[in-house]
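Numbered from 1 within each chain, the chains take letters A, B, ... in sequence-line order.
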There are 2 protein chains.
Amino acid sequence: MTSPAVSSRDLPHPAREEIRLEGVLHALSDPMRLRIVRELAAVSDELSCSHFDLPVTKSTTTHHFRVLRESGVIRQIYRGTAKMNGLRRDDLDGLFPGLLDALLDAAARQAVRLGST
Amino acid sequence: MTSPAVSSRDLPHPAREEIRLEGVLHALSDPMRLRIVRELAAVSDELSCSHFDLPVTKSTTTHHFRVLRESGVIRQIYRGTAKMNGLRRDDLDGLFPGLLDALLDAAARQAVRLGST
DNA sequence: CGACTCGTACGATAGGCATCGTAGTACGAG
DNA sequence: CTCGTACTACGATGCCTATCGTACGAGTCG
């Protein structure tokens, strides 16, 4: 379902076969990025960068989204001025069956354990 | 000899509740450490540091084992001159059910995909 | 005791990275 | 065209880390 409405700006994504486990783990080992991924998984839809209210500046937010994209965890598409972010669930599940769910479950358990919601 | 075998040297380990998902993911995001953990899981037994034939110096090897221990992934015990390393499977499975297996499976799939053993 | 093995400690180095601020670009609305 | 919004690019900074080499401590065995 690739929408044809792509602005002139194209963002480089790794192909499915180029995604490396170490890269994914490194991307998710940052609390800020894990939080982003958890939120994306919760809504199972695309979200704009500005939707996230992270305790860092916009520059840093851009950096984190790029790390997630370049590691193959999320897909980013420009839609007007907004940049939509979606989890690459199909690719990740295809490469590493059960991993994403296990990671999300682990993150959720830890959040409960540490008193966050 | 099955003595209490607690040499004077004791190594600090995080308690189960202190293990953080981010720390575990960071520890496993290094190829050298992921390799160590895969080998430990394969034999499901304790292995001495010297058993591993890593393409780095002994200093660096020590460093990696310490990262794994301090993140809660492995347990280290001195046994004579040797230092035995074992996966903390019980603790990890207790905190994050299914995560370790999913990670090991993902690593194995990637190894196959990339033509390594 | 002395020699040998296993692993550590410490210092150095080079690169990576999370963060910021500022200046700038792309896009849509008025 | 102009303005505001959304996001980026770039440079700087301070911290972390993977790596090495060398010197050392702990334990075993002759």
Tell me: [atom1] of [X] to [atom2] of [N], nearest whole Å?
X       : N      : atom1 : atom2 : result
B:His63 : C:dC6  : NE2   : P     : 22 Å
A:Leu34 : C:dA18 : CG    : C1'   : 16 Å
A:Glu22 : C:dG16 : CD    : P     : 16 Å
B:Asp30 : D:dA18 : CG    : C1'   : 7 Å
B:Glu70 : D:dA18 : CD    : C1'   : 15 Å

Phosphate contact ([N] OP1 or OP2) by [X] side-chain N/O below 4.0 Å:
X       : N      : value
A:Arg33 : C:dA18 : yes
B:Thr60 : D:dC20 : yes
A:Ser50 : D:dC7  : yes

As a test of reading the structure: which of [options] is closest to the side chain of [X], going by heavy atoms?
X       : options               : value
A:Arg66 : D:dA9, C:dG7, D:dT19  : D:dA9
B:Val67 : D:dC7, C:dG21, D:dA18 : D:dA18
B:Ser59 : D:dA6, C:dC17, D:dT22 : D:dT22
B:His64 : D:dT19, D:dC7, C:dC20 : D:dT19
B:His26 : D:dC7, C:dC20, D:dA18 : D:dA18
B:Thr81 : D:dC20, D:dT28, D:dC7 : D:dT28
B:Val56 : D:dC7, D:dC20, C:dG7  : D:dC20

Legend entry - B:Thr60 and B:Thr57: side chain donor to acceptor below 3.5 Å: yes

Inset, instruction - For A:His51, answer base if it contacts any base atom (sugar-phosphate contacts may also be present), sugar-phosphate if it contacts only those atoms, and nothing otherwise; contact means non-hydrogen atoms under 4.0 Å. - result: nothing

Legend entry - Under 3.5 Å: donor-acceptor pair, side chain of A:His13, backbone of A:Arg69: no

Legend entry - C:dT25 pairs with, by Watson-Crick or G-U criteria that keep both distances under 3.5 Å: D:dA6

Inset, instruction - Answer yes if A:Leu104 and B:Leu100 sit in the same cluster of Ile, Leu, Val, Met, Phe, Trp and Tyr residues linked by side chain heavy atoms under 4.5 Å apart, and no otherwise. - result: yes

Inset, instruction - Work out which heavy atom in A:Ala108 is nearest to a heavy atom in A:Arg38; give both atom names and the distance. - result: CA-NH1, 3.3 Å

